[in-house]
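The structure appears below as structure tokens.
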Amino acid sequence: MAVTKAYADGMLRYGVIGVGTHGESHLQCVAAAANARLAAVADLSAERAAVMSEKYGPCQVFVDYRELLAQDDVDAVSIVLPDHLHRQVCEDAFAAGKHVLVEKPLATTVADAEAIVAAQRAAGKTLMVNWSNRWMHSFAQTKAALDAGELGNPLYCYARLNNTLFVPTKMLAWAANTRLPFWLICHRYDIARWYFRSEAKRVNAVCRSVKLKSMGIDTPDFYQATVEFANGCVGNFESCWIMPESMPALVDSKFELVCSDGYVNIDAALPDFVIATHAKQLNRGTLQGDVMGEPVGFVNQAIKHFINCVLLGQEPLITGHDGLMITRALAAMVESAEKGEPVNL
Ligand SMILES: NC(=O)c1ccc[n+]([C@@H]2O[C@H](COP(=O)([O-])OP(=O)(O)OC[C@H]3O[C@@H](n4cnc5c(N)ncnc54)[C@H](O)[C@@H]3O)[C@@H](O)[C@H]2O)c1
């Protein structure tokens, strides 16, 4: 691998901002990467940051992310903060000359997404939005089959991505600050747009607030959205996060793609093996986790892709432009559901 001169020793010096549930996945992958070194972590919770530094470091620990960004020995950062908090930290990271891997969604408003892309262009640094599901073998192989012309032209998709009630009530302290199009639908919208090679033209969505509202959490229980793309493709997307906690898995997922000469059916969340005790199932499937201590799966591959792109000076598979176009469609879903009428883009 011929790295750019800036990284003559072939190592990317890495910081992670936000080391909550998913921030730990980033730490695990960076710590295991042969061509990256974890230099620093930052989190508002000093205790959590210290625990993560001890587990995946040693590395510097900050409560104020701006202090991390001021470090000369940090080349790139993962920003793994709540959905609605990405803009300011991305802008500050680019102003400090860092490359950025920002978690999905890029932002929760079009104005925020535009500001992040403008900051990246002004800085000339790498920006990747981590729609890591593209690295699931099922979605990646479908893309390869489409690109090879084996399925004909894509016509429409049905995509469902659900969570159990555990997620908005116990896992996320900030569920009321996001909406399902940004938290879940965005994963499948990214896949559909990648397959369709087109942008949303007309978005018609509905949502309802019953269960979470009754629990004092101000965000809808479910969204259903129909998106017409400029080239005629149609995507149907639905997500809820009120499935019973007794479901076999936290995630329920289904993706169907109908093409002029083919059909694809993906149950992405189903593990392909079972390890059961009397108390619970222990298997995490082959999509993520670790094998013999080494991180494996789509999250690891996505983060490796970002590290390699920065070192090689290459554009990542998912750019700021992708993030902005996807944010436009997601924001239109929220707007359409609020207004009760379709939104034209
Ligand atoms: N790609 C994926 O598959 C995937 C999976 C899960 C989450 N995510 C995304 O990752 C992001 C984080 O989600 P999560 O589940 O880890 O959330 P989380 O609540 O578990 O973690 C967020 C962390 O950010 C910290 N934080 C908040 N404000 C901060 C600030 N100003 N400075 C420093 N630290 C701050 C919190 O203390 C917390 O530790 C979200 O955007 C989410 O959508 C992506």
Side-chain angles (χ1 to χ4, degrees), residues 15-29 40-53 55 60-69 77-93 100-109 112-113 116 128-136 139 161 163 166-191 219 239 241 250-251 253 268-269 284-285 287-289 295 297-306 316-318 322-323 326-327 330:
V16 179
I17 299 176
V19 291
T21 308
H22 201 51
E24 181 166 6
S25 305
H26 284 243
L27 288 173
Q28 191 183 32
C29 299
V41 295
D43 198 289
L44 280 184
S45 165
E47 191 188 343
R48 172 81 180 173
V51 168
M52 290 296 108
S53 162
K55 193 168 174 186
Q60 297 192 79
V61 176
F62 301 99
V63 172
D64 186 340
Y65 73 86
R66 289 168 298 190
E67 288 183 38
L68 182 153
L69 293 176
V77 290
S78 280
I79 296 176
V80 200
L81 298 175
D83 291 357
H84 60 297
L85 299 179
H86 293 176
R87 175 180 175 170
Q88 185 66 56
V89 188
C90 284
E91 287 179 323
D92 291 346
V100 172
L101 173 61
V102 63
E103 261 308 329
K104 48 62 55 177
L106 176 59
T108 55
T109 67
D112 282 3
I116 293 169
M128 174 171 146
V129 190
N130 198 25
W131 273 297
S132 49
N133 285 201
R134 286 198 195 188
W135 280 266
M136 287 184 183
F139 290 121
L161 189 58
N163 281 160
F166 175 82
V167 172
T169 60
K170 296 175 187 157
M171 193 177 107
L172 297 179
W174 44 272
N177 295 113
T178 192
R179 296 288 178 265
L180 281 166
F182 300 113
W183 172 251
L184 285 180
I185 289 179
C186 70
H187 280 297
R188 294 296 171 263
Y189 184 83
D190 170 61
I191 296 289
T219 191
S239 282
W241 47 1
L250 191 87
V251 178
S253 170
R284 296 177 63 195
L287 290 177
Q288 51 188 322
F298 66 101
V299 174
N300 186 51
Q301 282 185 266
I303 292 170
K304 268 163 81 172
H305 174 76
F306 171 71
L317 181 61
I318 309 170
D322 294 321
I326 292 169
T327 306
L330 303 174

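Counting starts at 1 for both ligands and their atoms, in listed order.
- Summary of contacts: the protein heavy atom closest to atom 34 (N) of ligand 1 is L44 N, 3.2 Å.
- Among protein heavy atoms, atom 15 (O) of ligand 1 sits closest to L172 CD2, 3.7 Å.
- Residue H187 approaches ligand 1 through these ligand atoms, each under 4.0 Å from one of its heavy atoms: 1 (N), 2 (C), 3 (O).
- Between the OG atom in S132 and the CG atom in L101 there is a gap of 9.0 Å [rounded to 0.5 Å].
- Atom CG of N130 sits about 9.5 Å away from atom NZ of K104, to the nearest 0.5 Å.
- The shortest side-chain heavy-atom distance between M52 and H26 does not fall under the 4.5 Å cut-off.
- Atom 44 (C) of ligand 1 has as its closest protein heavy atom E103 OE1, 3.0 Å.
- At least one heavy atom of S132 sits less than 4.0 Å from an atom of ligand 1.
- For the atom pair CZ (R134) and CG (D322), the distance works out to 5.5 Å, reported to the nearest 0.5 Å.
- Between H84 and W174, the ring-plane angle classifies as tilted under the 30° and 60° cut-offs.
- Between S239 and L180 the shortest heavy-atom distance is O-CD1, 3.5 Å.
- Residue P82 holds the heavy atom nearest to atom 22 (C) of ligand 1 of all those in A46, P82, G18.
- Within the 4.5 Å cutoff, no side-chain heavy atoms of V19 are placed close to those of V80.
- When non-hydrogen atoms are compared, ligand 1 lies under 4.0 Å from neither the backbone nor the side chain of F182.
- Here L85 has side-chain heavy atoms under 4.0 Å from ligand 1, and that is the only part of it that gets that close.
- At a 4.0 Å cut-off, at least one heavy atom of K104 sits close enough to ligand 1 to count as contact.
- Protein heavy atom closest to atom 24 (O) of ligand 1, with residue, atom name and distance, is L81 CD2, 3.6 Å.
- Among D83, N163, T108, T178, the one residue that satisfies the side chain to side chain donor-acceptor pair (under 3.5 Å) test with W183 is N163.
- In terms of N/O distances under 3.5 Å, ligand 1 is approached by H22.
- Distances shorter than 4.0 angstrom occur between a heavy atom of H86 and an atom of ligand 1.
- Applying the 4.0 Å criterion to heavy atoms of N130 picks out, from ligand 1, the atoms 1 (N).
- With hydrogens and angles left out, the side-chain atoms of R188 and S253 include a donor and acceptor closer than 3.5 Å.
- Counting only heavy atoms from C-beta outward, the side chains of V89 and I17 approach each other to under 4.5 Å.
- Ligand 1 has no atom lying under 4.0 Å from any heavy atom of W131.
- Here the protein heavy atom with the shortest distance to atom 18 (P) of ligand 1 is W174 NE1, 3.8 Å.
- Looking from atom 20 (O) of ligand 1 to the surrounding protein, the closest heavy atom is T21 N, 2.9 Å.
- The nearest heavy-atom contact from the protein to atom 38 (C) of ligand 1 is D43 OD2, 3.5 Å.
- Contact check for R179 versus L330: no side-chain heavy atoms found under the 4.5 Å cut-off.
- The nearest heavy-atom contact from the protein to atom 41 (O) of ligand 1 is D83 OD1, 2.7 Å.
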